[in-house]
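The chain is numbered in sequence order, starting from 1. Below, each value reflects all heavy atoms present in this structure, side chains not excepted, and no hydrogens, waters or symmetry copies.
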Amino acid sequence: MIWAILIFLLVGLTKYFTSLRLRKLRDQVQRDQRITDDLKKQLTEVTKKESTLKDEGETLMSKVSIMHNIVLNLERSFERLRNSK
């Protein structure tokens, strides 16, 4: 009879400690999930910013190329005027 009570107490304690550990693990998983969601959101924002900056960089490079061509044309025109005088 005493063995049955001891086994019953042992099973009850094991179940109790297991439930505590599972609760702690569940909380940790939820915390990690929130952190993961925040990091995904940050990654999405950074990716959008990177794309925007890349587009702006390409636009600026295009403008620089156009300005370079304008300067070259003006230099050629200036040289022609200088040589014609």
Side-chain angles (χ1 to χ4, degrees):
M1 177 72 176
I2 196 151
W3 288 108
I5 294 172
L6 286 176
I7 290 174
F8 181 74
L9 285 174
L10 183 63
V11 169
L13 286 173
T14 303
K15 186 172 180 172
Y16 174 73
F17 287 122
T18 302
S19 69
L20 288 179
R21 187 152 191 256
L22 282 175
R23 184 181 307 145
K24 182 179 176 183
L25 289 173
R26 192 177 307 120
D27 291 343
Q28 184 177 0
V29 166
Q30 288 175 353
R31 185 176 51 250
D32 290 346
Q33 185 65 40
R34 283 191 303 269
I35 291 170
T36 302
D37 291 341
D38 291 342
L39 289 174
K40 283 180 184 179
K41 185 177 179 180
Q42 287 179 1
L43 179 62
T44 302
E45 291 173 2
V46 168
T47 303
K48 287 179 183 177
K49 285 181 183 179
E50 179 186 23
S51 176
T52 302
L53 290 174
K54 183 178 178 183
D55 292 343
E56 288 177 4
E58 290 173 357
T59 302
L60 288 175
M61 288 304 292
S62 174
K63 288 180 181 179
V64 165
S65 177
I66 291 169
M67 292 301 289
H68 179 70
N69 289 336
I70 290 171
V71 168
L72 286 177
N73 288 337
L74 288 173
E75 286 177 347
R76 287 183 194 138
S77 296
F78 180 71
E79 286 297 320
R80 283 188 206 136
L81 284 174
R82 186 191 287 173
N83 289 337
S84 67
K85 288 187 177 184

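Listed by chain and residue number, R23, Q30 satisfy the side chain to side chain contact (heavy atoms under 4.5 Å, CB included) test with D27 (two or more places apart in sequence, or in another chain). Taking the side chain to side chain contact (heavy atoms under 4.5 Å, CB included) definition, one finds that L25 meets it with R21, Q28, sequence neighbours left out. By the salt bridge (charged side-chain N to carboxylate O under 4.0 Å, His left out) test, E79 pairs with R82, sequence neighbours left out. A search for side chain to side chain contact (heavy atoms under 4.5 Å, CB included) contacts involving L13 returns F17, not counting sequence neighbours.
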N/O donor-acceptor pairs under 3.5 Å from side chains in residues 52-72, not counting sequence neighbours:
from: T52; atom 1: OG1; to: K48; atom 2: O; distance (Å): 2.9
from: T59; atom 1: OG1; to: D55; atom 2: O; distance (Å): 2.9
from: N69; atom 1: ND2; to: S65; atom 2: O; distance (Å): 3.4

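For residues 34-44, the set of pairs meeting the salt bridge (Lys or Arg N to Asp or Glu O under 4.0 Å) definition, not counting sequence neighbours, is empty.
For the pair S77 (side chain) and N73 (backbone), a donor-acceptor distance under 3.5 Å is present.
Distance check, rounded to the nearest 0.5 Å: CG of L39 to OG1 of T44 gives 10.5 Å.
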**OP:** In sequence, state the C-alpha distance, the side-chain angles, and the governing distance for L6 and L10, and then conclude on side-chain contact (heavy atoms from CB on, under 4.5 Å).
**Re:** CA-CA 6 Å; L6 286 176; L10 183 63; over 6 Å; no

